[in-house]
Amino acid sequence: MLVLMLVTVTILRLCLLSRAQPLCRSRMVRTGKVFHDGQKIQGDQLYFSFGTTRLIKHPCKKNIALYLGRQIFLTRDNFESSLLPCSIPTSMQVGIPEVTSAHFAGSVLLLVVNRKVYVYDYEANSWNASTGIEHPVSHISGDNCCYSENSFCMDISNSVFAYLHGAQISQTNIYFSNTRGYRFQKFAHERQAELVGSLGGVFYFHSLSQVGLLLIDQRKAMFSYSDHPLNRSFGLPFDYNGTLDILIAPGQKGILIFWFEKSLLVSRNAGQLVDPVRVREGQHILYPSIFDANITIHSIAANENELAVLTRESNLYYGSLGILSSSLIKFADQDIWSEEAVLVFTDVGLLEILTPLPDSTFPAFDFQKCPMNIQEILMDPQLHIDVCKVKLLQGEFANKMYTIDMNSKLELTALMIPRPGTSPVPLVMVSNPHSLGLQAVIYEDGYTYDGNTKHRLNISLRQQHHWGRADPNFTSSIKRSTISTITLDIANKEISCVDLKPLGGTHDFLVPHGSGSFSPIFVAHSEISACYNGILDPVALQDNYSYVIEREAYDPNFRGQEASEDLKVHYQYEKLGCPLLAYYDTPWKPVVELWREGTFQEVVEAEYVLLEVNGLFTYTYSLTADTALCNSQPQNWTSIAEMAGDQGLFAWDRETYVSCHDPDNEAPLTWPKVPYQILGGPTDNKVIFDQRNGIYIFFISIVDPYYSYCHLEATFSVYVYGAFPLSIIPAELTIVLLTVATLLSVWLAYMIPKQLHTEQGLRLKDFWVHLYRRCRKFCACFQGRWRGGAETS
Ligand SMILES: *[C@@H]1O[C@H](CO)[C@@H](O)[C@H](O)[C@H]1NC(C)=O
Ligand SMILES: *[C@@H]1O[C@H](CO)[C@@H](O)[C@H](O)[C@H]1NC(C)=O
Ligand SMILES: *[C@@H]1O[C@H](CO)[C@@H](O)[C@H](O)[C@H]1NC(C)=O
Ligand SMILES: *[C@@H]1O[C@H](CO)[C@@H](O)[C@H](O)[C@H]1NC(C)=O
Ligand SMILES: *[C@@H]1O[C@H](CO)[C@@H](O)[C@H](O)[C@H]1NC(C)=O
Ligand SMILES: *[C@@H]1O[C@H](CO)[C@@H](O)[C@H](O)[C@H]1NC(C)=O
Ligand SMILES: *[C@@H]1O[C@H](CO)[C@@H](O)[C@H](O)[C@H]1NC(C)=O
Ligand SMILES: *[C@@H]1O[C@H](CO)[C@@H](O)[C@H](O)[C@H]1NC(C)=O
């Protein structure tokens, strides 16, 4: 599918040599007039404020687009039918129906009308005014992720900014919405009060995990970023000669296009460097900028890797947004410009000039379309364009989303077929290398097949984000997850490589989180379970078993104070399975295992914490802050709950955890005698149970931030026994039982990983502690799929 189309070479040459061939031939879309007849435009008819035209394509849905001009048109079939101009219901009481900005956010269209934001759900045909914006705004900005239903991707589409363009940056209010524009709240940029200049835009650069504010001061502009490490510095200043419109190219590669009539600039790194686009003829640079070329831009169009410009002088310019070239070439003249025209890419290499035409007899407008095939046009010998060195570049990973966890790697493969006699150099770009610590290496080997030399490219991506290894000045917080786009491209690619889709298509996300096929699942287990020791009866446990916690032993508020009444707990056998067994008098800690997709990975040695979910407090820890050799006051469940506030009790995780051994932790060690509540990691801390028999249900959370990007959490149960001579087990029997248990555990260690893949695995669930995993946002939710350790196979 990615093959360059060179079939029609000869025919085209002939046409172009005759020079009579126009760039495009117009056709008219005129349909459904009778259907529209009788329909009247209801409400206030919207118009675009700047006396110019724009076309906004829905980045994910090919046929949905919005035309902005003297009228506004929303199409859902790529302007293949006549349309009535858009209007807003009079009930919305907008006043002047003037649109200053528009944006597609997932399944809704956002419009700024008369300085307020309105949401139009085009599926449901319903309008809503946004809430939460208290001051006038003129612009709205956002991005869309089209790759999957992954929540990380959805969040990108749901995030929107609203702001007043040109306002003094230190005083203006910026609004942010993570509800696709339905509800906004004030956005606080840490350094906003110190920033000088007026506001040129606010953007969420997902590929950099940064919010960028564009500051304009005396015909210069630059970006200020919100987050570490870029919050220390600004992007490089660039010329800001007029009011620049800013376009984010689709694909989260960090490509930005800035333009107004007399200026066109491009950035490939989310505004850190912004360069003017040059005008070229063959290899020769004619003008260093649009300003010098003395042309007036009327409309621009861009997709993931192409840029086209229609000028008022009725010329068409085209360029690639590839790695090194930010230049345009001029196509042959044709009288194609009109006041209402817009330029639009309908597909890779397919450009169109669209013009709405009023109809004197019907209210619906028709559309004139003038389609162009860039590949064909580029074959004009007068353009002096070299042929593309590559016949095919294909990666099976195009437009997919992958995840990669800490210290793991991802192997991708691609195929390249060079044109005979050439040796193109493939390269891989990672849009967010610093914050991910991602390294990409290409291994290439060639072989001949069907007379073509094919090159197999093995691309190896590694996440090298280790404690102490990465330069903190270039790495964002390890606690945050980020995405990155991987682009496979060819170095110094010719402009004629239009159809080289990888350019257009091979940009992939990496979410360094366990989600999808990388989802880590973990299990706490111990060798002996209460059921197999004859202490608890599995049949009774499965039969709606419940037990009572006496009021002296638990606190529903987790503050260690006695409750006012006893608590009856229903034992959820389906979730928890048979409890582990712990002898009250022996310091205890569970063995924690990491599983991914039903396959055992390793025993987890990282730091984790436990909390009894019913508030039982009849246990403590073997170490204190002192004996755990803390340098600072360690966190505990009480301090976490205070810090988290409304966020709830179970907020101790890799994001909130701060080690008391961390040299940067400045909390003084005021109470050295408090119990040290962190298990695993460098210390040999254990749980000490009080003299009380009974079931404990523990929530476990791996808090070590350097273990995984995932929030690894689970719940399991333990039966603590032996506290009073209830079931005195004779010494001989104990020895026999212990021997059996040891043998059993050896057998289990061997069998269970195998059994899990089989039907029989289901029966083994008695052995397993429950594995109920409260998944957060990014880690794909396996809830319910992983019960008793057996159902994943
Ligand atoms: C949109 O407005 C309607 C009525 O005006 C209301 O019922 C609905 O809840 C609103 N939708 C949202 C998402 O706020
Ligand atoms: C940048 O962010 C880091 C981490 O959030 C913070 O410690 C630092 O103070 C910030 N720097 C500035 C200049 O705001
Ligand atoms: C901005 O205008 C100045 C002259 O006023 C010109 O020299 C410069 O090239 C222009 N910059 C851009 C990016 O158009
Ligand atoms: C720019 O073009 C206009 C007409 O399009 C012409 O009048 C003007 O002289 C040109 N300026 C320069 C500097 O070439
Ligand atoms: C690429 O991967 C394939 C399959 O894993 C392997 O056979 C081949 O040798 C690798 N090539 C290179 C150059 O590493
Ligand atoms: C990080 O940047 C700061 C300030 O720019 C500098 O003092 C420090 O040496 C840098 N650290 C490293 C590891 O380069
Ligand atoms: C389980 O016990 C609860 C009360 O303890 C009762 O309401 C419920 O109906 C029982 N369910 C079954 C399936 O026996
Ligand atoms: C928790 O830590 C705080 C200090 O951060 C200490 O005052 C308190 O006693 C600790 N609570 C427990 C139950 O150890």
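Only a predicted model underlies this, so the values are computations on that prediction, with no experimental measurement involved. As the structure lists them, so they are numbered: ligands from 1, and atoms in each ligand from 1.
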Would you say Asn636 and ligand 8 have an N/O pair spaced under 3.5 Å apart?
->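 There is such a contact, yes.
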
Looking only at heavy atoms, is any part of Trp671 under 4.0 Å from ligand 8, and if so is it the side chain, the backbone, or both, or is it neither?
->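 Only the side chain of Trp671 comes within reach of ligand 8.
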
Measure from the ring center of Tyr619 to the ring center of Phe698 and say whether it is less than 6.0 Å.
->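 Yes: the rings meet the under 6.0 Å criterion.
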
Distances for all N or O pairs of ligand 3 and the protein under 3.5 Å?
{"unit_1": "ligand 3", "atom_1": "2 (O)", "unit_2": "Asn241", "atom_2": "OD1", "d": "3.3"}
{"unit_1": "ligand 3", "atom_1": "2 (O)", "unit_2": "Asn241", "atom_2": "ND2", "d": "2.4"}
{"unit_1": "ligand 3", "atom_1": "5 (O)", "unit_2": "Arg219", "atom_2": "NH2", "d": "3.1"}
{"unit_1": "ligand 3", "atom_1": "11 (N)", "unit_2": "Asp239", "atom_2": "OD2", "d": "2.8"}
{"unit_1": "ligand 3", "atom_1": "11 (N)", "unit_2": "Asn241", "atom_2": "ND2", "d": "2.8"}
{"unit_1": "ligand 3", "atom_1": "14 (O)", "unit_2": "Asn241", "atom_2": "ND2", "d": "3.3"}
{"unit_1": "ligand 3", "atom_1": "14 (O)", "unit_2": "Ser263", "atom_2": "OG", "d": "3.2"}

Using the ring of each side chain (for Trp, its six-membered ring), is Phe650 parallel, tilted or perpendicular to Phe699, with breaks at 30° and 60°?
->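 It falls in the perpendicular class, over 60°.
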
Side chains of residues 674-685: which donor-acceptor pairs under 3.5 Å do they make with residues two or more places apart or in other chains?
{"unit_1": "Gln677", "atom_1": "OE1", "unit_2": "Trp637", "atom_2": "N", "d": "2.9"}
{"unit_1": "Asn685", "atom_1": "OD1", "unit_2": "Ser622", "atom_2": "N", "d": "3.4"}
{"unit_1": "Asn685", "atom_1": "OD1", "unit_2": "Ser622", "atom_2": "OG", "d": "3.2"}
{"unit_1": "Asn685", "atom_1": "OD1", "unit_2": "Leu623", "atom_2": "N", "d": "3.0"}
{"unit_1": "Asn685", "atom_1": "ND2", "unit_2": "Tyr676", "atom_2": "O", "d": "2.5"}
{"unit_1": "Asn685", "atom_1": "ND2", "unit_2": "Ile678", "atom_2": "O", "d": "3.0"}

Test item: Arg312 side-chain N/O and Thr296 main-chain N/O as donor-acceptor pair under 3.5 Å |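 Between the backbone of Thr296 and the side chain of Arg312 there is no qualifying donor-acceptor contact (under 3.5 Å).
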
Does anything in residues 634-645 pair up under salt bridge (charged side-chain N to carboxylate O under 4.0 Å, His left out), and if so which pairs, sequence neighbours excluded?
->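 Applying salt bridge (charged side-chain N to carboxylate O under 4.0 Å, His left out) to every pair that reaches into residues 634-645, excluding sequence neighbours, yields nothing.
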
Under 3.5 Å, is there a donor-acceptor pair linking the side chains of Tyr696 and Thr618?
->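 Yes - a donor-acceptor pair under 3.5 Å links their side chains.
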
What atoms in ligand 8 come closer than 4.0 Å to a heavy atom of Pro675?
->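 Checking each atom against Pro675, I get 14 (O).
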
For Ser632, which of Val658, Asp662, Asp664, Asn665 qualifies under side chain to side chain contact (heavy atoms under 4.5 Å, CB included)?
->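 Per the side chain to side chain contact (heavy atoms under 4.5 Å, CB included) rule, the option paired with Ser632 is Asn665, out of Val658, Asp662, Asp664, Asn665.
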
Asn458 neighbourhood, listing ligand 5 atoms whose heavy-atom distance to it stays under 4.0 Å |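 The atoms of ligand 5 under 4.0 Å from a heavy atom of Asn458 are 1 (C), 2 (O), 3 (C), 8 (C), 10 (C), 11 (N), 12 (C), 14 (O).
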
For Glu550, all residues meeting side chain to side chain donor-acceptor pair (under 3.5 Å), sequence neighbours excluded =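 With sequence neighbours excluded, Glu550 shows a side chain to side chain donor-acceptor pair (under 3.5 Å) to Arg692, given in chain and number order.
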
